[in-house]
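Here it is, the structure, as structure tokens.
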Amino acid sequence: MAQSLGWVKRYFKAFCKGFFVAVPVAVTFLDRVACVARVEGASMQPSLNPGGSQSSDVVLLNHWKVRNFEVQRGDIVSLVSPKNPEQKIIKRVIALEGDIVRDGKLQGI
């Protein structure tokens, strides 16, 4: 009986050490470096959700590129919806600062 309690105690102690190291590291990573997001809907087809509205894709969002203003045409970005601040939307960058967009088409490239 004493041996089985010793095993449980060692296991619990190792679990707590791992937990208290892994959780802060994971939270910091997801907040500062990258996070995982689910993409639903047909607006990003065929790149994302090629199966239609019944499926959803999972993407890894890189926080560093946006913080360093390294966004380029064709990149996919996530932002807060202007219509519903509780919702995040995913869009593809078609123009950069100084570009002119008319009727959904980039002018002057």
Side-chain angles (χ1 to χ4, degrees):
M1 179 79 172
Q3 286 180 344
S4 66
L5 287 177
W7 177 83
V8 171
K9 190 175 182 179
R10 283 194 312 269
Y11 176 78
F12 182 72
K13 189 174 181 181
F15 174 79
C16 287
K17 281 183 181 179
F19 180 80
F20 288 117
V21 170
V23 169
V25 169
V27 168
T28 302
F29 179 83
L30 293 174
D31 185 47
R32 299 289 179 191
V33 179
C35 69
V36 178
R38 191 173 70 212
V39 180
E40 298 174 336
S43 69
M44 292 301 295
Q45 285 180 344
S47 299
L48 301 173
N49 290 343
S53 60
Q54 291 83 14
S55 67
S56 65
D57 280 347
V58 177
V59 295
L60 182 68
L61 302 173
N62 180 353
H63 293 273
W64 287 109
K65 282 191 88 167
V66 175
R67 280 200 184 117
N68 297 331
F69 302 103
E70 296 175 8
V71 178
Q72 300 174 356
R73 281 184 197 87
D75 285 352
I76 296 173
V77 296
S78 172
L79 53 129
V80 176
S81 171
K83 294 181 182 177
N84 181 3
E86 295 177 4
Q87 180 183 19
K88 285 189 177 180
I89 56 176
I90 294 183
K91 298 294 177 187
R92 184 178 305 280
V93 176
I94 61 166
L96 298 174
E97 183 178 357
D99 291 341
I100 299 171
V101 178
R102 291 197 179 115
D103 299 326
K105 296 184 181 182
L106 189 58
Q107 303 291 318
I109 291 183

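In this chain, numbering begins with 1 at the start of the sequence shown. All heavy atoms count here, side chains included; hydrogens, waters and symmetry mates do not. Note that the coordinates shown come from a computational prediction; the quantities given were computed from them, not determined experimentally.
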Fill in: Partners meeting salt bridge (charged side-chain N to carboxylate O under 4.0 Å, His left out) with D57 (sequence neighbours left out)
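Expected list: none.
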
query = Under 4.5 Å between any side-chain heavy atoms of L96 and R73, yes or no?
reply =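 Yes - at least one pair of side-chain heavy atoms lies under 4.5 Å apart.
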
Main-chain N/O of Q72 paired to D75 side chain as donor or acceptor, under 3.5 Å: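 Yes: the side chain of D75 pairs with the backbone of Q72.
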
- Task: Output all residues satisfying side chain to side chain contact (heavy atoms under 4.5 Å, CB included) with V59, sequence neighbours left out; order by chain, then residue number.
- Result: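 Expected list: A37, V39, L48, L61, I90.
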
Side-chain polar contacts of residues 25-35 - donor-acceptor pairs under 3.5 angstrom, sequence neighbours left out - could you list them?
from	atom 1	to	atom 2	distance (Å)
T28	OG1	P24	O	2.8

* In the hydrophobic clustering (ILVMFWY, side-chain contacts below 4.5 Å, transitive), which residues join V58, or is it alone? ->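 For the cluster that includes V58, the remaining residues are V36, L60.
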
Exercise for the section: Check ring-ring contact (aromatic ring centres under 6.0 Å, His included) between Y11 and all other residues, then give those that pass, not counting sequence neighbours. Expected result: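 Scan of Y11 (ring-ring contact (aromatic ring centres under 6.0 Å, His included), adjacent residues dropped) gives W7.
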
Do V80 and V77 share a hydrophobic cluster, counting only Ile, Leu, Val, Met, Phe, Trp and Tyr and linking them when any side-chain heavy atoms are less than 4.5 Å apart?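 The answer is no; the residues belong to distinct hydrophobic clusters.
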
**Q.** Connected hydrophobic set around F12, excluding itself, where side chains approach under 4.5 Å
**A.**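 In the cluster with F12 there is nothing else; it is isolated.
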
Return each pair, listed once, that meets salt bridge (Lys or Arg N to Asp or Glu O under 4.0 Å) where at least one residue sits in residues 80-92; pairs must be two or more places apart or across chains.
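Not a single pair qualifies under salt bridge (Lys or Arg N to Asp or Glu O under 4.0 Å).
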
